[in-house]
Structure formats: structure tokens, C-alpha cells
Protein chains: 2
Amino acid sequence: MSAIQNLVSHFDRYLSLDDVESKALTSRLTERKIKRKQYILQEADICKYFTYVVEGCFKMYGVDKSGTEHNLLFAAEDDWISDLDSLHKERPSKLFIEAIEPSTILQISKGDLWYLYTNHPKFNRIFRVITEDKYIELQNRLLQTYSTAASERYESFLEQYPNLANRLPNTQIASYLGITPEFLSKIRNERSGK
Amino acid sequence: MSAIQNLVSHFDRYLSLDDVESKALTSRLTERKIKRKQYILQEADICKYFTYVVEGCFKMYGVDKSGTEHNLLFAAEDDWISDLDSLHKERPSKLFIEAIEPSTILQISKGDLWYLYTNHPKFNRIFRVITEDKYIELQNRLLQTYSTAASERYESFLEQYPNLANRLPNTQIASYLGITPEFLSKIRNERSGK
DNA sequence: TCTACATTAAGACTATTTCTTAAACCATCT
DNA sequence: AGATGGTTTAAGAAATAGTCTTAATGTAGA
């Protein structure tokens with residue numbers, strides 16, 4: 001299956017696209033290969049694209065004043081990633097988006113996305129649902145962050161992203177959980193002891 | 001201005017509604033008066049409505065296993081509030097939504113909202129943008145939570161919600177920041193010392 | 001006006017997590 | 001295939017941000 005067919009069938013899961021819509025979409029997508037450790041967004045840049053991950057894996061993170069990275073989220077195959085704040089408000093991003101694995105992506109520019117929204121209303125519905133789902137993810141993550149200890153958040157992470165848990169280095173998971181890799185190792189140790 | 005006119009002009013800020021759309025919307029809204037400390041959603045219930053706050057103020061929070069409340073967000077005049085997770089996935093909510101002040105709200109049920117999405121596509125676009133804005137808020141909150149200390153998060157809260165800061169009791173702000181009211185008092189004390 | 005709750009204060013406390021060092025391990029790049 | 005650089009585990013010492021407790025005072029709602 002080609003990268004673009006991949007995305008069209010992704011959309012079909014929400015609402016099926018007719019030929020006109022499908023063509024309007026695919027003609028506006030750019031396919032890119034991204035190397036490991038390559039950025040598709042850097043702090044202070046303005047985010048220009050909404051990115052669909054065909055293959056590989058990305059992390060989006062911020063860096064605090066002491067230089068520590070904090071992973072906000074990961075995106076692997078069949079997922080979307082973008083700094084919506086920077087993309088929509090056209091302000092400099094506070095975040096980095098970096099490939100953790102060699103990856104293939106499809107990107108649509110802000111202008112092209114706006115074109116779709118205006119001329120093919122169905123995309124509003126599809127992206128409304130996508131954004132709602134992302135919102136729900138963040139809300140649950142925030143609730144967890146405030147109401148449970150690191151060890152429990154690790155358990156939830158394992159349940160929610162069993163495939164990512166295998167693929168990601170523990171340093172990255174620790175950054176996502178808001179702890180040091182050493183402490184994650186301690187948690188894993190206690191956990192396996194049980 | 002009536003409560004409903006209020007909401008129609010809220011929508012007009014995104015995309016103006018024609019008469020048909022405006023009527024389709026208003027005929028599906030229910031106006032309610034809510035007393036202080038009254039719930040519009042309780043844990044374990046399934047969230048049935050998307051709620052627009054005409055007047056007053058609400059908090060949405062979860063309760064951890066030790067019984068402590070954690071405020072996820074507030075919604076005052078001209079804002080939306082709902083547990084999207086429970087509303088969309090039709091699963092029992094983990095959250096409470098409670099009035100902090102006597103309030104007036106407009107509610108639309110899930111079924112009616114779906115009717116609008118299907119029959120009046122413009123609402124998809126409006127709610128897509130509303131959801132995106134909410135997503136951006138959460139993303140920034142999450143980044144702050146992981147990358148800054150409580151005192152800095154308090155400063156940001158004051159900047160971002162200057163009107164809420166005056167209206168809300170500090171206990172509620174402390175719960176939002178993830179600290180005890182005593183510690184917030186300490187932060188305020190040090191802050192005013194400067 | 002009364003009552004319950006909110007705020008401030010201040011000191012003792014501590015749980016969670018970091019820091020440090022080190023050794024072993026593993027993966028990927030040339 | 002070997003070298004190199006990052007990853008994982010370990011374990012004890014150390015730090016500190018935030019809690020707990022008590023108490024006195026202030027404030028807003030009924």
C-alpha cells in the first residue's frame with residue numbers, strides 16, 4: 001500500500017471520501033523521508049504543517065530552563081502530529097518534533113488545509129473528530145499527572161501504548177512520565193519484583 | 001441580551017450563522033439555572049450534554065484515591081465545558097463538573113449536536129475550531145506542569161486568567177496548580193515580598 | 001448576625017525523586 | 001566486524017519542593 005492510500009483509508013475510518021475529495025487531498029500532500037534524530041519542527045520556528053506519520057515514530061517535547069527535555073507526546077504509524085498552537089496562531093513554537101526512528105510522513109501545509117476546510121466541508125468533520133480524540137488523550141494524561149504517582153502513570157502508559165513501550169528507549173518514556181531514567185529503572189525493578 | 005442571543009453572537013465570532021442554522025441551533029438548546037455547588041456532571045455518570053456558560057463559573061475536577069480534588073479546568077462566561085471523553089465514547093465519567101457560582105447555562109444534548117453536525121455542516125467547522133483552541137490550552141498547561149515550578153505556574157495562571165484569579169477562592173486555584181492552599185499562600189507571600 | 005469556610009502564618013517534617021558513580025549492556029554506524 | 005556512544009541497571013546519599021499541623025484571623029453566604 002502506498003503512503004497516500006494509507007492516509008485515504010485512515011480517513012475512510014471517519015467518513016469515506018469521494019473521488020473529488022480524495023483527489024483534493026492527495027494532490028496537496030507531500031511525502032518525506034525523515035532520518036532518526038532529524039527535526040520536523042524546532043523551537044522558535046513557526047509550525048507550517050500538519051503531519052501524518054506513515055511509518056516510524058516521533059516525539060514532541062519542550063526544553064525547560066535547566067535544559068531538560070519533557071516529552072509531551074509520541075506519534076507512531078497512522079497518527080497525526082503538529083504543534084497546533086504554533087500552526088493556528090502562527091506564533092513561534094515552544095516545542096521540538098523529532099524522529100525517534102527513520103520515518104515516512106505525509107505533510108499538508110496550513111494554506112492547503114485551509115483550502116480543504118473551505119472547499120470540501122467534510123474535512124472539517126474529520127479533523128473535528130481527530131482533534132476531539134487528541135483532546136481526550138491530553139485530558140486523561142493531565143488528570144493522571146495530577147492524581148497519581150509515577151509508578152501508576154508508568155502502568156497506564158504500558159496499558160495504553162503497549163506497542164510504544166517496546167519500541168521506545170526508557171529515557172524517552174521517563175521524559176514522558178516526568179521522571180529521570182534512573183528512577184524509571186527503579187520503578188521497573190520494584191514492579192518485576194512483585 | 002438573552003442567553004441564546006449571547007451564544008449566537010459567540011458563534012458569529014467564528015463563522016456567521018444564517019437564519020436556518022441559527023434556528024436549528026436555538027431550538028435545540030435548553031437553558032438552565034444552576035446553584036452554587038450544584039453538579040452538572042458527577043463521576044460514574046455518562047456525560048449527556050455540551051454546555052455553554054452564559055453566566056457564572058464552573059470547575060471540572062477528578063478525585064484521587066486519597067480523596068483529594070484536582071481541578072482540570074474552569075469555565076466562566078462565554079466558555080464551553082463538557083467531559084468530551086464521556087460524551088463521545090459514552091463511558092462513565094471520571095470527573096465532576098460543579099458550579100462555583102450561581103450560573104446560567106445553555107445545554108445541547110449529544111443527539112442534537114450530532115443532528116447539527118450531519119445536517120448543518122458549518123457547525124463542524126465551528127466546533128473544530130473551538131476544540132482546537134481547547135486542545136491548545138491543555139497542551140500549554142501540560143507543558144507548564146512538566147517544565148516549571150508551582151510558583152511559575154501560578155504567575156502564568158494570573159496572566160492567562162486575570163479575571164478568574166480575582167473570582168476564585170485560592171483553594172480552587174491551588175487545586176488547579178496541583179498544590180495545597182497553604183503552599184499557595186506561601187507563594188503569594190513570597191511574591192508580594194518582591 | 002451567625003457560621004462555616006478561606007486565608008495566612010510558621011515551623012517541623014518527609015516522601016518522592018534526583019544525583020552520583022559505575023559497571024554492563026546493546027545497537028548502529030563506518 | 002569492531003568501535004563508539006548511548007542505554008539500562010544498581011545502590012546509597014542527598015536534596016527540596018511541597019505537605020502537615022496548628023492556630024489565629026478574615027470573609028462571604030445563608
Side-chain angles (χ1 to χ4, degrees), chain A residues 34-38 56-57 59 61 64-71 74 98-103 144-155 157-158 164-194, chain B residues 33-38 56-57 59 61 64-71 74 98-103 144-158 164-194:
Chain A
I34 309 291
K35 288 185 211 157
R36 198 164 159 272
K37 301 203 176 175
Q38 189 180 339
C57 186
K59 60 177 173 177
Y61 62 93
D64 69 24
K65 59 187 174 192
S66 78
T68 308
E69 295 182 6
H70 300 276
N71 287 342
F74 303 109
E98 182 186 332
I100 304 180
E101 301 174 358
S103 304
Q144 278 250 330
T145 300
Y146 278 101
S147 62
T148 68
S151 60
E152 256 185 272
R153 295 197 315 265
Y154 179 59
E155 295 296 337
F157 174 79
L158 293 181
L164 285 182
N166 300 326
R167 278 164 73 173
L168 296 174
N170 285 336
T171 44
Q172 296 308 322
I173 298 175
S175 164
Y176 177 90
L177 297 173
I179 58 177
T180 55
E182 292 89 343
F183 188 51
L184 175 55
S185 171
K186 211 171 281 189
I187 288 171
R188 285 159 61 90
N189 183 24
E190 276 159 24
R191 182 184 135 81
S192 67
K194 279 183 200 157
Chain B
K33 303 276 182 190
I34 308 292
K35 288 185 210 159
R36 198 164 159 273
K37 301 202 176 177
Q38 190 180 339
C57 185
K59 60 178 173 176
Y61 62 93
D64 68 24
K65 59 188 175 192
S66 78
T68 309
E69 295 181 8
H70 301 276
N71 287 341
F74 303 109
E98 183 187 330
I100 303 180
E101 302 174 356
S103 304
Q144 279 250 331
T145 300
Y146 278 101
S147 62
T148 69
S151 61
E152 254 186 90
R153 296 199 311 268
Y154 179 57
E155 295 296 336
S156 305
F157 174 79
L158 293 182
L164 284 182
N166 300 325
R167 279 162 73 173
L168 295 175
N170 285 337
T171 44
Q172 295 308 320
I173 298 175
S175 163
Y176 178 89
L177 298 173
I179 57 176
T180 55
E182 292 89 343
F183 188 52
L184 176 54
S185 173
K186 210 172 283 187
I187 288 172
R188 285 160 62 91
N189 183 25
E190 275 158 25
R191 182 183 135 82
S192 67
K194 279 182 202 157

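Hydrogens, waters and symmetry mates are skipped; everything else that's a heavy atom, side chains included, is used.
With sequence neighbours left out, the side-chain hydrogen bond (donor to acceptor under 3.5 Å, both in side chains) criterion links A:T68 to A:S66. With sequence neighbours excluded, the residues that form a side-chain hydrogen bond (donor to acceptor under 3.5 Å, both in side chains) with B:E101 are B:R167. When the side-chain contact (heavy atoms from CB on, under 4.5 Å) test is applied to B:A174, the partners found at least two apart in sequence or on another chain are B:I179, B:P181, B:L184.
The backbone N or O of B:S175 sits nowhere less than 3.5 Å from a side-chain atom of B:N71 that would complete a donor-acceptor pair. Not a single donor-acceptor pair under 3.5 Å links the side chain of A:H70 to the backbone N or O of B:S147.
Note: CD (A:E190) to P (C:dT17) measures 11 Å, nearest angstrom. Rounded to whole Å, the distance from CD on B:Q38 to C1' on D:dA30 is 17 Å. Rounding to whole angstrom units, CD1 of residue A:I100 and P of C:dT28 are separated by 13 Å. As rounded to whole Å, 10 Å separates atom P of C:dA6 from atom CD of B:E69.
Distances shown here put a side-chain N or O of A:R188 below 4.0 Å from the OP1 or OP2 atom of D:dT9. For the pair B:R36 and D:dG29, the criterion of a side-chain N or O lying under 4.0 Å from OP1 or OP2 is not met.
Residues from residues 165-176 of chain A with heavy atoms under 4.0 angstrom of DNA chain D, sorted by number: A:P169, A:N170, A:T171.
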Residues A:R188, A:I173; criterion side chain to side chain contact (heavy atoms under 4.5 Å, CB included); working and verdict | CA-CA 12 Å; A:R188 285 159 61 90; A:I173 298 175; 5.9 Å; no

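By the 30° and 60° cut-offs, the orientation of the rings of A:Y176 relative to A:F157 is tilted.
Rounded to 10°, the angle separating the first-five-pair axis and the last-five-pair axis of the helix from C:dT1-D:dA30 to C:dT30-D:dA1 equals 70°.
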Under a 4.0 Å heavy-atom criterion, the protein footprint on nucleotides 12-24 of chain D, written with B, S and -, is B-----BB-B---

